[in-house]
Amino acid sequence: MPNRKTPVKKIVLPPLIIIAGILILIGLTRSRRKPPKVVESFPGILVEVISAEITDRTESIIGHGTVKPRHEINLIPQVSGKITRVSPQFAAGGKFEMGEEIFSIEQIDYLLAVDQAQAAVASSEFALQLAQANALVARNDWETMQKSHSKLTGSTVKTEPDGLVMHEPQLKQAEANLASALATLELASLRLERTIITAPFACRIKKKIIDIGQFANAGT
C-alpha cells in the first residue's frame, strides 16, 4: 500500500492552540485587579426613641385563683353570760375594723363583782393603816419603856424589840390582804372588759351562730 503523509496542520495546530490558551490565561490572571478591602462597621440596632410622660390611668388585670384570708379564727368569749347587744353588721359578710364592737354580754354580774372588789380594797387599805398605826404605837411604847428603864437603872440596853411586840405579823398580814384585794379588783375589771367582744383585727364575718338573748359560755 502507498504511504500517506500526515498533514503538517494536524501536527502543529493543536499545540499552538494549547499554548495560546495558556498565554491568554496568564495574561488575564496578571491583568486582574484585586477587589478593594471594605471594613464593615456595626451601626447598631435600629430603635425608635420616645419621651416618657407621667399620666394617671387605671389598669385592669384579669386573673383567676382562690382568695384566702390571711387569718381565720373562731371568735370565742372569755366570760359567760346572756348576749344583750349585737352590732347590726354582725352577720355573714359583715365587715369590722380592729377594735370595733361585735357583740356584748350582760354586765350586771361583773359590775357587782367590781364593786365588791373595790369595797374589799378599801377595807384592806383601812386595815393596813390601822396595823401601821398600831405598829407605830407599839414602837413608841417600847422606846418609852426603854427610856424609863435607863433612868431607873442608870444603864442603857441596846436591844431590838421582838417582832410580835412591834405588830410586824399583823402589818405583813394587812399588806398581803391589800395586795390580794387589788389583784381581785384587777381580775374583776378585766372580766368586765371582756364582756365586750371586739374585732381583733380588720375582718369579715364568715358565719354567725349566736344572737341577742342567747347565753354564751366562756370558751365555747
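Throughout, residue positions are numbered sequentially from 1 according to the sequence presented.
With a 4.5 Å cut-off on side-chain heavy atoms, K82 and Q214 do not count as touching. E101 has its side chain out of reach of I197: every pair of non-hydrogen atoms, C-beta onward, lies at least 4.5 Å apart. At a threshold of 4.5 Å between non-hydrogen side-chain atoms, the residues E97 and E100 count as touching. Between I83 and D211, the closest side-chain pair of non-hydrogen atoms is not below 4.5 Å.
Of the N and O atoms on the side chains of T195 and Q107, at least one donor lies less than 3.5 Å from an acceptor on the other residue.
Clustering ILVMFWY residues whenever any of their side-chain heavy atoms sit less than 4.5 angstrom apart, transitively, puts I76 in a cluster other than the one holding I209. A single hydrophobic cluster is not seen to contain both I196 and I205; linkage of ILVMFWY side chains at heavy-atom distances under 4.5 Å, directly or through other members, places them apart.
In this structure, F90 and F96 have perpendicular ring planes: the angle between them is above 60°, well past the 30° mark.
Atom CZ of F215 has more than 12 neighbouring heavy atoms from other residues, nucleotides or ligands inside a 6.0 Å radius. No more than 12 heavy atoms of other residues, nucleotides or ligands shown are found within 6.0 angstrom of CG on N74.
With salt bridges taken as basic N to acidic carboxylate O contacts below 4.0 Å, one links R57 and E59.
Across R194 and V79, no two heavy atoms sit closer than the pair O-CG2, 3.7 Å.
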